[in-house]
*Asks:* 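I have a structure I would like to understand better, so I am pasting it below and will then ask my questions one at a time.
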Amino acid sequence: MQDYTYSERDLTFIDQLSLGYCKDPFSYLGIHSIDNGIIIRAFLPSAIACQVIDLKGKPVSSMLKIDDRGFFIAEIIGKKIDFSYRLLVEYEGETVDIEDPYRFKTHIQELDNWLFAEGKQLRPYEKLGAHLVTQNEVGGVHFSVWAPNAQRVSVVGDFNHWNGLVHSMRFHPDSGIWDIFIPNVQKGACYKFEVLDRNGVLRLKSDPYAFASQFRPETASIVSGLPSIVPVENTCRNANAPDKPISVYEVHLGSWRRNVENNYWLSYEELADELIPYVKDMGFTHIELLPVSEFPFDGSWGYQTTGIYSPTSRFGTPEGLRYFIQKAHDKGIGVILDWVVGHFPVDEHGLVYFDGTHLYEHSDPKEGYHKDWNTLIFNYGRHEVNNYLSGNALYWIERFGIDALRVDAVASMIYRDYSRSDGEWIPNKYGGRENLEALDFLRHTNNILRDESKGGATIAEESTSFAGVSHPTENGGLGFNYKWNMGWMNDTLRYMQKDPIYRRYHHNLMTFGMTYQYSEKFVLPLSHDEVVHGKGSLLNKMPGDCWQKFANLRAYYGYMWGYPGKKLLFMGNEFAQGKEWNFAESLDWYLLGEEGGEWHKGVLGWVKALNHLYTKTPALFEQDYDPAGFEWLVVDDHDNSVFAFERRAKNGGSIIVVSNFTPVVRKDYRIGVNEAGEYQEILNSDLACYCGSNVSNEDKFASEKIESHGRRHSINITLPPLSTIFITKTKKQQAKEAVQKKATNKKEKAK
């Protein structure tokens, strides 16, 4: 070895490795067969000397330093390619015993490359990212990343002093994946990928598949290992069904409640202990979390994510989030995650121009840039991008136990001309405005979840009249389970903002939704979007003095909870927060104390009562999407701004909902009913306990054989001012009818 003769190959690799543009380091470094033995090559910048030792630490061979830039070589006669060794490296002032990463094999197999390139890898996160593994009885981390156009990719981190020359990765040309196993890297280590892009520019990128990330403003990924699979909580998954009650409490974890002492965020564990019991007590069935994937800018509320596989470190660790979800499940509460796959930010450490090409995004800004949000649009037509995103849906459901995904800004995904003027967008191949690739991606993802997630649901925030959003893909639909009813929300809020004296001229705003009610499976959303950007709070949208504002809001909530469709309410609205939501502050919980009088407590109690009535009354939820579950009783009383309708359960049980949207008490108001019998008022937004004027009906009242509204029987009731009341047959009447029905069925069977 003293008279080593350089080959042309040696010189080529030495130059490539030392200058940092080697694409195939494993073909030169590490252990390789030669005649009668093996050759071991190592690149150890700044090392003085090196020895090959066996696993017991016994010297096997000294290595010859063949280049001052840190290249060592040893030929060992009689050893075979499966020889396991370590390196004893001498540096200035210290000698270290290290594993040689270039002696270990890849975890990326031929099938993995094919599946990834074809877009058929259901769970790409099982291969890409940073995985804690053991190879040849040596623990460490297997790193892999997709960067097909890079000249070189290295892993850099605390473990190699962020030196990109040390751990150059192996390239798989069939898929564009780079990988390396680095021994002895520990859980908690910070890392990034150093990418020498196709243009020779050096980029430092966070891991797109990182399972944990540093706290902003730091941007490194953190080795944490792939979370284990969470057993399915069948109770919560079954609660996603269209014939179940779904009442969603939408939450921004950073501002629901904060530490009083320092205005700092609560941790996932603290939120589990405080938020979940509150949601349970209020009667909500689901919590919807605004995005919790890692994001750099607090003011985006999580909607500009740079790490879709990484729970934000603002509130703790991935384990902390899993604890939060488990605690929700323990209380029978489903968890919905706001999922953002329509765009991503331009932060340099993120996905943008990842390998010197427009890899995740479109190259043409007419296809790939959201000018409204200064974000980039995913190129859904690329198999690998499609895999990255659809795999993430399964990741949250299988690895964290998320029960449903609310997909953000679907309209921006499915239309190429979304928020664009003429000349600012590129038509699809047929000349249309639909983004065909995005539509395929959404159908593909929804099909995967239908087949793989054991009851996981998807909910589209889609603000247009695009047909079939919640229809099965087999029937040409997009395959979502539900769609937000933005039209209903906009119409009804417009109506409620009118002074009651003018509402008679806008009566149709409250009824128009029924003309398309059964075109989709709708959720009725009063979300965060309605209380930001100068829109004010829901309370301040209501007209009138203080009493009227609160009465209007209670009446509106009553109408909403009675109307067909699942319910969603953003945090703070349940107690009528007076000011617009501010993501940087806690909700104004003090309003439930003396400062708020009894007004806010009244709304809180009303929402709680609505939820508890709703969840135990099948007539209010079982047939949300069947015309048999709803019938107008009073639909055309414009002058009095009164609405009445009946909701029915599958077994025929019913409940009547009546709203009076004027501040006038209407005595002797007659409503036609479908069935004669004894009725009673069971819920009333005007009661004193909700801070109303306490106008109500007697405990029980019988229908009369007086024709009204096209029906032979009717009830004569008092309508409280600015109120919604719920009426049903008395228990005695229901028992009597049950006996009669049983007798009738018995006679039918006898025949």
Side-chain angles (χ1 to χ4, degrees), residues 1-18 20 22-91 95-110 133-144 152 154-155 159-160 163 165-173 178-185:
M1 291 298 302
Q2 298 304 313
D3 298 318
Y4 180 75
T5 302
Y6 288 92
S7 67
E8 189 67 30
R9 184 167 182 266
D10 287 324
L11 294 173
T12 298
F13 272 102
I14 287 172
D15 285 342
Q16 289 181 353
L17 287 163
S18 60
C22 182
K23 205 164 189 175
D24 191 16
F26 280 83
S27 67
Y28 183 72
L29 298 176
I31 183 170
H32 299 272
S33 294
I34 58 173
D35 293 340
N36 302 320
I38 58 171
I39 187 169
I40 296 174
R41 304 185 188 95
F43 176 38
L44 303 165
S46 73
I48 298 170
C50 184
Q51 273 190 319
V52 177
I53 60 177
D54 64 19
L55 297 187
K56 295 181 179 179
K58 181 180 177 182
V60 175
S61 174
S62 295
M63 301 189 76
L64 178 65
K65 189 172 187 179
I66 62 171
D67 190 280
D68 288 339
R69 287 170 287 188
F71 288 88
F72 295 83
I73 192 167
E75 292 182 352
I76 305 174
I77 305 303
K79 297 290 186 183
K80 296 183 179 180
I81 194 70
D82 60 354
F83 172 57
S84 295
Y85 66 92
R86 298 201 303 271
L87 301 176
L88 192 64
V89 187
E90 182 183 344
Y91 293 99
T95 299
V96 293
D97 180 341
I98 67 169
E99 296 281 358
D100 181 3
Y102 294 97
R103 80 175 177 89
F104 294 93
K105 300 184 184 302
T106 179
H107 280 218
I108 304 296
Q109 306 303 318
E110 185 176 340
V133 297
T134 298
Q135 190 174 149
N136 295 351
E137 300 183 355
V138 177
V141 178
H142 179 248
F143 296 94
S144 54
R152 185 259 301 172
S154 298
V155 182
F159 42 84
N160 61 15
N163 185 347
L165 298 179
V166 177
H167 289 125
S168 296
M169 304 175 78
R170 174 193 294 106
F171 182 61
H172 298 263
W178 300 75
D179 87 299
I180 189 172
F181 172 74
I182 304 181
N184 298 322
V185 174

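These numbers were taken from a predicted model, which means no experiment stands behind them. Worth knowing before you read on, the calculation uses all heavy atoms, side chains too, and leaves out hydrogens, waters and symmetry mates.
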*Asks:* Classify the angle between the aromatic ring planes of F43 and F71 as parallel (below 30°), tilted (30 to 60°) or perpendicular (above 60°).
*Replies:*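 If you compare the ring of F43 with that of F71, the planes turn out parallel.
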*Asks:* Within the side chain of K65, is there an N or O that forms a donor-acceptor pair under 3.5 Å with the backbone of A47?
*Replies:*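 Looks like yes, one N/O pair under 3.5 Å.
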*Asks:* To the nearest 0.5 angstrom, please state how far the CG atom of L88 sits from the CE atom of M63.
*Replies:* 12.0 Å
*Asks:* Between CD1 of I98 and CG of L87, what distance do you get to the nearest 0.5 Å?
*Replies:*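 I98 atom CD1 to L87 atom CG measures 5.0 Å (nearest 0.5 Å).
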*Asks:* Taking the six-membered ring of Y28 (Phe, Tyr or Trp), confirm whether the NZ or CZ of R41 is under 6.0 Å from its centre and within 45° of its axis.
*Replies:*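 Checked: cation-pi criterion met.
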*Asks:* Between I31 and K79, does a side chain to side chain contact (heavy atoms under 4.5 Å, CB included) hold up when you go through it step by step?
*Replies:* CA-CA 10 Å; I31 183 170; K79 297 290 186 183; over 6 Å; no
*Asks:* Report yes if the side chains of W178 and K23 come closer than 4.5 Å at any heavy-atom pair, otherwise no.
*Replies:* yes
*Asks:* To the nearest 0.5 Å, what is the distance between CD1 (I73) and CD1 (I40)?
*Replies:* 10.0 Å
*Asks:* What are the two closest non-hydrogen atoms of V185 and F143, and how far apart are they?
*Replies:* CG1-CZ, 4.4 Å
*Asks:* Are K56 and D54 ion-paired here, with the side-chain N under 4.0 Å from a carboxylate O?
*Replies:*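 No.
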*Asks:* Within the 4.5 Å heavy-atom criterion, are L29 and L17 side-chain neighbours or not?
*Replies:* yes
*Asks:* Does E137 offer a backbone N or O that forms a donor-acceptor pair with the side chain of T134 under 3.5 Å?
*Replies:*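 No, T134 side chain to E137 backbone: no donor-acceptor pair under 3.5 Å.
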*Asks:* State, to 0.1 Å, how close P101 and H167 come at their nearest heavy-atom pair, and which atoms those are.
*Replies:*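 P101 and H167 have their closest heavy atoms at CG-CD2, 3.7 Å.
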*Asks:* Which pair of non-hydrogen atoms, one from S61 and one from A74, has the smallest distance, and what is that distance?
*Replies:*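 Closest heavy-atom pair between S61 and A74: OG-CB, 3.9 Å.
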*Asks:* Begin with the C-alpha distance, continue with both residues' side-chain angles, and end with the deciding distance and a verdict on side chain to side chain donor-acceptor pair (under 3.5 Å) for D179 and H107.
*Replies:* CA-CA 8 Å; D179 87 299; H107 280 218; over 6 Å; no
*Asks:* What's the separation between atom CG in L165 and atom SG in C22, rounded to the nearest 0.5 Å?
*Replies:* 11.0 Å
*Asks:* For the residue pair R152 and G20, what are the closest heavy atoms and their distance?
*Replies:*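 Heavy atoms only, the tightest pair is NE-O, 2.8 Å.
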*Asks:* Mind checking the CZ-CG spacing from R86 to L55? Nearest 0.5 Å is all I need.
*Replies:*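 One gets 6.0 Å once the value is rounded to the nearest 0.5 Å.
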*Asks:* Do you know which two heavy atoms are closest between Y91 and P45, and how far apart they sit?
*Replies:* CE2-O, 3.7 Å
*Asks:* Mark yes or no for whether E75, through its side chain, and G37, through its backbone, hold a donor-acceptor pair below 3.5 Å.
*Replies:*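 Not confirmed, E75 side chain does not pair with G37 backbone.
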*Asks:* Sub-3.5 Å donor-acceptor pair from the side chain of D100 to the main-chain atoms of V52, do we have one?
*Replies:*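 Looks like no, no N/O pair under 3.5 Å.
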*Asks:* Output the distance between atom OG (S154) and atom CG (N160), rounded to the nearest 0.5 Å.
*Replies:* 8.5 Å
*Asks:* Look only at the side chain of R103 and the backbone of Y85, and say whether a donor-acceptor pair between them is shorter than 3.5 Å.
*Replies:*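 Yes; judged by distance alone, with no hydrogens or angles, the pair exists.
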*Asks:* Which heavy atom of F72 sits nearest to which heavy atom of G70, and what is that distance?
*Replies:*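 Heavy atoms of F72 and G70 come nearest at CD1-O, 3.5 Å.
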*Asks:* Is V60 close to F83 at the side-chain level, that is, under 4.5 Å between some pair of heavy atoms?
*Replies:* yes
*Asks:* Going by the side-chain contact (heavy atoms from CB on, under 4.5 Å) test, name the single residue among I182, I180, N136 that passes it with F104.
*Replies:*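 So the option named by the test is N136.
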*Asks:* Show your reasoning for whether salt bridge (charged side-chain N to carboxylate O under 4.0 Å, His left out) applies to R69 and D67.
*Replies:* CA-CA 5 Å; R69 287 170 287 188; D67 190 280; 2.9 Å; yes
